[in-house]
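The structure appears right after this line, and notes come after that.
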Amino acid sequence: MKLVVDLAVCQGYAQCAFLAPDAFRIYGEEALLYDPQPDDQLRDRVLQAAAACPVQAIAVELERP
Amino acid sequence: MSSSEPERIVIVGASLAGLRGAETLRRMGFTGSLTIVGDEPHEPYDRPPLSKAALTSWVPPEHTGLPRLADLGDVDWRLGVAAAALDRRAREVVLADGTRLPYDRVLIATGVRNRPWPHAGQAALTGVRGIRTREDSRVIRDLLDAGPRRVLVVGAGFTGSEVASICRQRDLPVTVVERAENPLVGPLGGVVGEVAAGLQRAAGVDLRGNVTVEALEGSGGRFRAASLSDGTTVEAGLAVIALGALRNTEWLADSGLACGPLGVSCDPGGRAYAVNGMAVDDVFAAGDVARFPHALYEYEFLALEHWQNAVVGAQVAAHNMICDDPDRRAHISVPAFWSVQFGTNIKSVGVPTLADQILVTQGSAKEGRFAAAYTEGDRVVAAVTFNHGRYLEYYRHLIETASPAPAPVGEAEGNVPEDPRFPDPGTPYELPTVVVSGRSPTSMEARRVPAGKDQR
């Protein structure tokens, strides 16, 4: 699966890093690093993380038919 | 959606702006033929991670494909072949292999490329590399994996500083050579540059300011050492060249468009200008290659190498390509960018290079945790935060409302404004990621204000 985070919007709330730590990591005090193509097994967690982001900075690719 | 819908749209450039433009066209109901041309053999991928996470063992450079946020339907992808010309009379994009692609509307999103190391022979040495593409990132990561005795980074702009940070994270010795006194001086000025230098030195970077690389030396075709302008030599196994970017406009030289080294001039809605200063109806530009007058900055033409500018600019241009005239929109969002280096989240809004004063309003610059407002006259034109990102939205609002700088609070109480110390615009430092370039679509004057301030 593919995702992208708008880091100009990201405020470092770190909800994603708690919900899907294999895909999102906090670096230093407030910077976010992420895997733009995490394993498909992480899909549910990544979707949860995207939904939980307080500033909705995470965009996940639509399922391709 | 317009009542007189174009039938054929060609997007030249298959990176972030090209993709987001295509998504907007389809989302708005464009059902005609859509062709996307890209000189790289890949579908659109994201570049910011290439100098950050992709240089660690965690995220492979191949893991950077951009998600599609809309159904693109049928797309004729022309990947691995560059555009060579734009024939406006025939309304055709000409590709390097001679193919001619007819269009009713064309979006120019050809972006930038790395400024090359000036000596071709030295640049060809194994172990000398810039970083722009997936392949660059892969090569540099492999060279880092091989454990070079030292890494040399040439140029301490954002990309160079990020690479140096990764080196220290990986416990590799790294020397950074910068023509200015300190890192990030071009985009953020000397006051903030001092803070950035402190971060680098605290992380163990061998930072050499006010120094240039005179020659890259090799043996057996491999990079071995660099001789510097101060007479010293740095032995290293890898040289990362990070000297800023050049806009990909050469293919448009005969197009009659107002374009050049500073980008493709276009109106705030993305419509390209011809050399006679008139907007063209069927040619649009977006992303790093576009240069447009910004309403918040008295319609100065700005060229912005920012991720969000590529997204918003492409969405605005694509919208305007297929809507009725009264529905056209302008690209008026406040410029914004971010960088991650040495455990610090650096974010900025606005155009710092326009400022004549800087005021640290929150936190402590000495400790590398602060927010600062850049002002021109009595209004805030930009702000920067180091590990204070959550406050940036407030400064964005100040910029949008042309407000004065707030009084410093907390640790910053008592601070007074000072000269932000931007370098002389005539000095070839690595370019700022915002280029302020005058008020005419065809003048192409590169300049930064204020001029004549306290500059080296």
Side-chain angles (χ1 to χ4, degrees), chain A, chain B residues 16 19-20 23 43-50 52-54 56 58-72 165-166 169 199 306-309 311-312 333-349 368-369 385-393 396:
Chain A
M1 63 181 304
K2 292 180 186 168
L3 65 93
V4 69
V5 181
D6 186 338
L7 292 171
V9 171
C10 173
Q11 301 262 331
Y13 284 97
Q15 296 298 307
C16 54
F18 289 115
L19 287 165
D22 293 326
F24 303 95
R25 294 180 188 172
I26 294 297
Y27 168 72
E29 282 183 36
E30 61 171 49
L32 178 70
L33 295 179
Y34 63 96
D35 183 347
Q37 279 176 251
D39 195 288
D40 280 336
Q41 290 178 343
L42 297 174
R43 185 165 190 92
D44 287 349
R45 284 167 176 243
V46 167
L47 290 176
Q48 272 182 7
C53 175
V55 290
Q56 292 293 292
I58 304 169
V60 180
E61 177 153 272
L62 302 168
E63 294 267 17
R64 290 206 206 185
Chain B
L16 179 62
L19 176 63
R20 292 292 179 258
E23 289 166 357
E43 286 198 13
Y45 62 90
D46 208 25
R47 295 184 201 275
L50 297 179
K52 306 177 186 77
T56 68
W58 179 36
V59 175
E62 296 73 29
H63 268 211
T64 49
L66 278 164
R68 294 190 190 169
L69 305 181
D71 183 0
L72 293 185
S165 170
I166 291 285
Q169 214 176 310
L199 295 179
H306 297 159
W307 193 90
Q308 216 178 31
N309 171 62
V311 173
V312 178
S333 61
V334 179
F337 78 87
W338 72 88
S339 172
V340 176
Q341 47 183 277
F342 305 104
T344 300
N345 191 30
I346 301 177
K347 296 179 89 167
S348 170
V349 288
R369 306 173 61 256
T385 60
F386 278 45
N387 279 349
H388 266 53
R390 80 192 84 149
Y391 301 109
L392 207 59
E393 204 47 41
R396 180 197 305 273

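Chain letters run A, B, ... following the sequence lines, proteins first and then strands; every chain starts at 1.
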Chain A contact via B:Ala70 - side chain, backbone, both or neither, heavy atoms under 4.5 Å: backbone
Segment of B:Gln341 engaging chain A (4.5 angstrom heavy-atom cut-off): backbone
B:Tyr45 portion near chain A, given a 4.5 angstrom heavy-atom threshold: neither
For chain A, the option from B:Val340, B:Val349, B:Val311, B:Thr56 that forms the most heavy-atom pairs under 4.5 Å: B:Val340
Minimum side-chain heavy-atom gap A:Met1-A:Pro38 below 4.5 Å: yes
For chain A, the option from B:Gly343, B:Gly389, B:Pro60 that forms the most heavy-atom pairs under 4.5 Å: B:Gly343
Side chain / backbone / both / neither for B:Asp46 at chain A, heavy atoms under 4.5 Å: side chain
Under 3.5 Å side-chain donor-acceptor pair for A:Asp6 and B:Gln308: yes
Option in A:Val55, A:Leu7, A:Leu3 with maximal non-hydrogen atom pairs under 4.5 Å from chain B: A:Leu7
Min side-chain heavy-atom separation B:Leu66-A:Lys2 under 4.5 Å: no
Contacting moiety of B:Thr385, where chain A heavy atoms sit under 4.5 Å: neither
Side chain, backbone, both or neither of A:Tyr34 within contact of chain B (heavy atoms, under 4.5 Å): both
Evaluation steps, salt bridge (Lys or Arg N to Asp or Glu O under 4.0 Å), between B:Glu43 and B:Arg68: CA-CA 11 Å; B:Glu43 286 198 13; B:Arg68 294 190 190 169; 2.2 Å; yes
Top contributor to chain A interface from B:Pro49, B:Ala336, B:Gly65 [non-hydrogen pairs under 4.5 Å]: B:Gly65
Point-to-point distance, once rounded to the nearest 0.5 Å, from CG of A:Leu32 to CD1 of A:Ile26: 5.0 Å
